[in-house]
Amino acid sequence: MKVFGISGMNCSGCATKVRNALEAEPTVSVKIVDLARGTVTFDADSKLTLTFLNQLLKNTKYTVTRNISI
């Protein structure tokens, strides 16, 4: 599991847009979009980077800010 911070989310519609944009990539399976914490948790290929995830979100107003996986 990977956990990343997402900036710009402030409603349930935002969380849905983030989920849909990330799941457009077949190797990403979103488990939780936590609006209160501003995070997304997902199973994914270990090669995913902030740059790649931000490419998936490029047509949205959201940005992956940091990897906070433990």
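Inter-residue side-chain proximity for Asp34 and Thr41 is flagged as unmet; no heavy-atom pair is nearer than 4.5 Å.
Distance check, rounded to the nearest 0.5 Å: OG of Ser7 to OH of Tyr62 gives 10.0 Å. If you take CZ on Phe4 and CG on Leu53, they are separated by 5.0 Å, rounding to the nearest 0.5 Å. Summarising the geometry, atom CG belonging to Leu50 is positioned 12.5 Å from atom CD belonging to Gln55; distances are rounded to the nearest 0.5 Å. Taken to the nearest 0.5 Å, the CZ atom of Arg37 stands 12.0 Å off from the CE atom of Met9. Note: Asn54 CG to Ile6 CD1 = 7.5 Å, rounded to the nearest 0.5 Å. Atom NZ of residue Lys17 and atom OG1 of residue Thr60 lie 9.0 Å apart, to the nearest 0.5 angstrom.
Of all the heavy atoms in Ala21 and Leu56, the pair that sits closest is CB-O, 3.6 Å. The minimum heavy-atom distance linking Arg19 with Lys31 is given by the pair NH2-O, 3.8 Å. Counting all heavy atoms, side chain and backbone alike, Gly8 lies closest to Cys14 at O-SG, 4.2 Å.
Counting non-hydrogen atoms of neighbouring residues, nucleotides and ligands closer than 6.0 angstrom, the CD1 atom of Ile32 reaches no more than 12 such neighbours.
The closest donor-acceptor contact from the side chain of Glu23 to the backbone of Val30 lies under 3.5 Å.
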Derivation and outcome, side chain to side chain contact (heavy atoms under 4.5 Å, CB included), residues Leu22 and Val40:
CA-CA 10 Å; Leu22 292 174; Val40 63; 4.0 Å; yes
